[in-house]
There are 4 protein chains.
Amino acid sequence: MLTKQKKRNTIIQSALKLFSTKGFYNTTISEISEKMGVSVGNIYNYFPSKKSLAQASIRYVTNKLATELRYINSLEISQKEKIRHFVTVYLQFVHRNPEIIEYFFKVYLSNRELFCDKDDCGFALAKEFIDEVEFLVEKGVSEGEFEKIDFYMAFSLVTGILGSITFLNSENAFMKDLDTYIDDVSTLICKGLSR
Amino acid sequence: MLTKQKKRNTIIQSALKLFSTKGFYNTTISEISEKMGVSVGNIYNYFPSKKSLAQASIRYVTNKLATELRYINSLEISQKEKIRHFVTVYLQFVHRNPEIIEYFFKVYLSNRELFCDKDDCGFALAKEFIDEVEFLVEKGVSEGEFEKIDFYMAFSLVTGILGSITFLNSENAFMKDLDTYIDDVSTLICKGLSR
Amino acid sequence: MLTKQKKRNTIIQSALKLFSTKGFYNTTISEISEKMGVSVGNIYNYFPSKKSLAQASIRYVTNKLATELRYINSLEISQKEKIRHFVTVYLQFVHRNPEIIEYFFKVYLSNRELFCDKDDCGFALAKEFIDEVEFLVEKGVSEGEFEKIDFYMAFSLVTGILGSITFLNSENAFMKDLDTYIDDVSTLICKGLSR
Amino acid sequence: MLTKQKKRNTIIQSALKLFSTKGFYNTTISEISEKMGVSVGNIYNYFPSKKSLAQASIRYVTNKLATELRYINSLEISQKEKIRHFVTVYLQFVHRNPEIIEYFFKVYLSNRELFCDKDDCGFALAKEFIDEVEFLVEKGVSEGEFEKIDFYMAFSLVTGILGSITFLNSENAFMKDLDTYIDDVSTLICKGLSR
DNA sequence: CATGAATGAGTGTTCATTCAT
DNA sequence: GATGAATGAACACTCATTCAT
């Protein structure tokens, strides 16, 4: 028997796959339960609503990405190398766990209504990840590798490029393997951040 | 009395506002008709389905952006200046007609199922715009202003950054007026494209 | 310019074709108007409602059939010969003006709600035809050609067989030309009516 | 708790009553569910669409009739006696379960579009019944009781007369109890089939 | 008379959520 | 906990009818 938390994660993983491919509103609880082989009602023993499942999913996804980036940030290498590492890891995710990345772009960024409760606008759910990006950039600035620019600009550069590539990839725009672009992408980001 | 085409556009504009703020699936035809002050049925005299309204909307939006960019491309100025012009126009759109831009990012990019018919995956709907970006970049390369890089990289840079900023803005992340960022954004893009 | 009555008939004829093939509820006023090349609104200048158009149609159809039968009844021939004549005419109708016959069986007999107003149950609409059948049968009885049976039995025999054949024909059940069956059908009816 | 199949039948029975009295297009799923005392949605747990409910209903009806006729066909009596038996049973149905019979004539025969899928024109749904009629007639011919005539003629005779009587009865045309006509009707049919 | 855009009540169908077992 | 039948509000879409032009 799985622990309660383990089962929650199993549900999240099934949900992620469906949410990321078909979108939140085109995925039914029924489909998720079928995919998992459990009953509809049972899912409600773990999540009080479809919306809360979407929120738990973004926490799960953010944590995966933040964990990777946190680890990279802990390494004793230059910030540019960190960026290259992160791009590498990111593109691997896109390839091997597209649901992780696509959930971020297809559900989280596009269905804000799902993540905003009352005053909090669901930004906090991604904070863990944003903080690591901020850490990386700031360190680069303080160490003289990067130019000091508005953080939102830096953030837009990093996530914008990665997001675009994710989208193009999901549309099968790329002929070659995504790995091929590791250099291109990290260079592009570094050029933007550098002095 | 409005001409048929004019009325179609009025409907599209109402739809755009709602689709872009609430998303396609959270917007009902009933809401669109109420907002317009016409009956539900009347909308169906102009568009055979909600989906087709979404498609007409993306054509409308793409055309607006492409028209601006086409005009800029026709000017006798450097490519970097063109980029600055476009960023300016773009940020003005974000400010004055957010529905145009947000529709692109919140509906078109995230609800691909709405735009894919049979074999064609709805990419064509944005071609008009993509072509102008390509033209601008290629010209920059041939005139020695930009480095020759994979077009998808260049495209990711341009739309990724603009998309990110749009998203951050819609989340009210920016303290200052968007215009303030014209320089930052165009510099960022140009740095990425330059040699 | 057509007279008012002529135009009414033109509308009825278009309606008949559609009603008889697609059924009353699957035919829209819009389709009828398109088929005729007039506007929707114009139809309402001739008939106050779709239902009233259906009623006028049955009157038209009944009259066509009754007229034929009345003519046959006026001939100085045996009743059996009359039946043969009528079967011949009927099968020709089925072949050349299927809408006439099929309207009778597909709309009139199956959508009674359309023809019943208040106390009158729409039976009167077909009376003209029923009366001629009754006349033919009674004459046959009084002249000793037919056995005296309950009129409803005789009526069921005549219209039942013809109705069945109409249905089978509309399902393309018959391999051979309908004319081929003139003898079979009239013999069948006569056998039932005879002593 | 009813078994799934039992519940399907309960739904079919409710649907039959409404379809047969009001017609397919005048009956709403909502009415059926109300009549049953269940929710609208629940009906969709048993039938994927209103159309499929109509198809299941004709299967149900055909089977009821075919079962009776099959039993009669199994008896060791003359074919004429079989016909009398069947007429008896049929008229009892008309009296006690009019929805069974009227569904056949008011919905199945008049709304062909509901029963035709792709190439198959829904004729198969009634095959079970048609086959038994054919068996009865053929046996009568081979045993010398009936004349050898085109099967469609024989079929038209049998179902035509019964159909007509059903219709007249539903219009309250008959003064006397339907049972009174058992002899008349079976005699009429036998006269037509005999040598 | 003729037009056809506009109306809006009505229908089939979906699906998140509940709850008796 | 686990099940899945039951619920019912909600929504896309239709179409008879009206009426300003």
Side-chain angles (χ1 to χ4, degrees), chain A residues 1-2 4 7 24-34 36-54, chain B residues 1-4 7-8 24-34 36-54, chain C residues 1-4 7 24-34 36-54, chain D residues 1-4 7 24-34 36-54:
Chain A
M1 229 327 251
L2 294 172
K4 183 133 187 167
K7 182 134 182 188
F24 179 80
Y25 294 105
N26 281 317
T27 302
T28 67
I29 293 290
S30 198
E31 281 171 311
I32 298 174
S33 76
E34 252 170 61
M36 287 197 58
V38 299
S39 70
V40 171
N42 199 11
I43 289 186
Y44 281 84
N45 285 327
Y46 295 87
F47 298 94
S49 70
K50 193 183 174 188
K51 189 175 173 180
S52 73
L53 175 53
Chain B
M1 243 291 279
L2 295 172
T3 69
K4 191 125 186 170
K7 179 129 185 191
R8 270 177 66 94
F24 179 80
Y25 294 106
N26 279 318
T27 302
T28 67
I29 292 289
S30 203
E31 280 172 311
I32 297 174
S33 75
E34 253 169 60
M36 287 197 59
V38 300
S39 68
V40 170
N42 196 15
I43 290 188
Y44 284 87
N45 285 331
Y46 296 88
F47 298 95
S49 70
K50 192 184 174 188
K51 188 176 171 178
S52 75
L53 176 51
Chain C
M1 225 336 246
L2 295 171
T3 69
K4 185 133 184 165
K7 181 133 182 188
F24 179 79
Y25 293 106
N26 281 317
T27 302
T28 67
I29 292 290
S30 197
E31 281 171 311
I32 297 173
S33 76
E34 252 170 61
M36 285 197 60
V38 299
S39 69
V40 171
N42 200 12
I43 290 186
Y44 282 85
N45 285 327
Y46 296 87
F47 299 95
S49 70
K50 192 184 175 187
K51 188 174 174 179
S52 74
L53 176 53
Chain D
M1 243 290 280
L2 296 171
T3 69
K4 191 125 186 170
K7 179 130 184 192
F24 179 80
Y25 294 106
N26 280 317
T27 302
T28 67
I29 292 290
S30 202
E31 281 171 312
I32 298 174
S33 75
E34 251 170 62
M36 287 197 60
V38 300
S39 69
V40 170
N42 197 15
I43 290 186
Y44 283 86
N45 284 331
Y46 296 87
F47 299 94
S49 69
K50 192 184 174 189
K51 189 175 172 180
S52 75
L53 176 52

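Below, chain A is the first sequence line, B the second, and so on; all start at residue 1.
- Between C:V38 and B:G37, the residue anchored nearer the 5' end of DNA chain E, judged by the nucleotide with its closest heavy atom, is C:V38.
- Atom OH of B:Y44 and atom OG of B:S33 lie 9.5 Å apart (nearest 0.5 Å).
- In this structure, CD1 of C:I43 is placed 12 Å from C1' of E:dA2, rounded to the nearest angstrom.
- Using a 4.5 Å cut-off on side-chain heavy atoms (C-beta onward), C:V38 and C:K7 make contact.
- Atom CE in B:M36 sits about 14 Å away from atom C1' in E:dT7, given to the nearest Å.
- Here the shortest heavy-atom pairing between A:F24 and A:A54 reads CE1-CB, 3.7 Å.
- C:K50 contributes atom NZ, which lies 7.0 Å from atom OG1 of C:T28 (distance to the nearest 0.5 angstrom).
- Taking 4.0 angstrom as the limit, C:S39 places none of its side-chain polar atoms (N or O) nearer than this to OP1 or OP2 of E:dG4.
- When each of F:dT7, F:dG1, E:dC1 is scored by its nearest atom to the side-chain atoms of C:Y46, the top-ranked nucleotide is E:dC1.
- For the atom pair OH (C:Y46) and OG (C:S52), the distance works out to 14.0 Å, reported to the nearest 0.5 Å.
- Protein atom CD of C:E31 is 8 Å distant from nucleotide atom P of F:dC15, rounded to whole Å.
- Rounded to whole angstrom, the span from the CD atom of C:E34 across to the P atom of E:dT3 amounts to 13 Å.
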At a cut-off of 3.5 Å, list every protein nitrogen or oxygen paired with a nitrogen or oxygen from nucleotides 15-18 of chain E, distance to 0.1 Å.
unit_1	atom_1	unit_2	atom_2	d
E:dA16	OP1	A:K50	NZ	2.9
E:dA16	OP2	A:I29	N	2.9
E:dT17	OP2	A:Y44	OH	2.9
E:dT17	OP2	A:K50	N	2.8

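- Computed from coordinates, the C:I32 CD1 to E:dG4 P distance equals 17 Å when rounded to whole Å.
- Residue C:E31 holds its CD atom at 10.0 Å from CD1 of C:I29, rounded to the nearest 0.5 Å.
- Partner assigned to E:dA20 is F:dT3, using Watson-Crick or G-U wobble distances below 3.5 angstrom.
- A sub-4.0 Å separation between OP1 or OP2 of F:dG4 and a side-chain N or O of D:K4 is absent.
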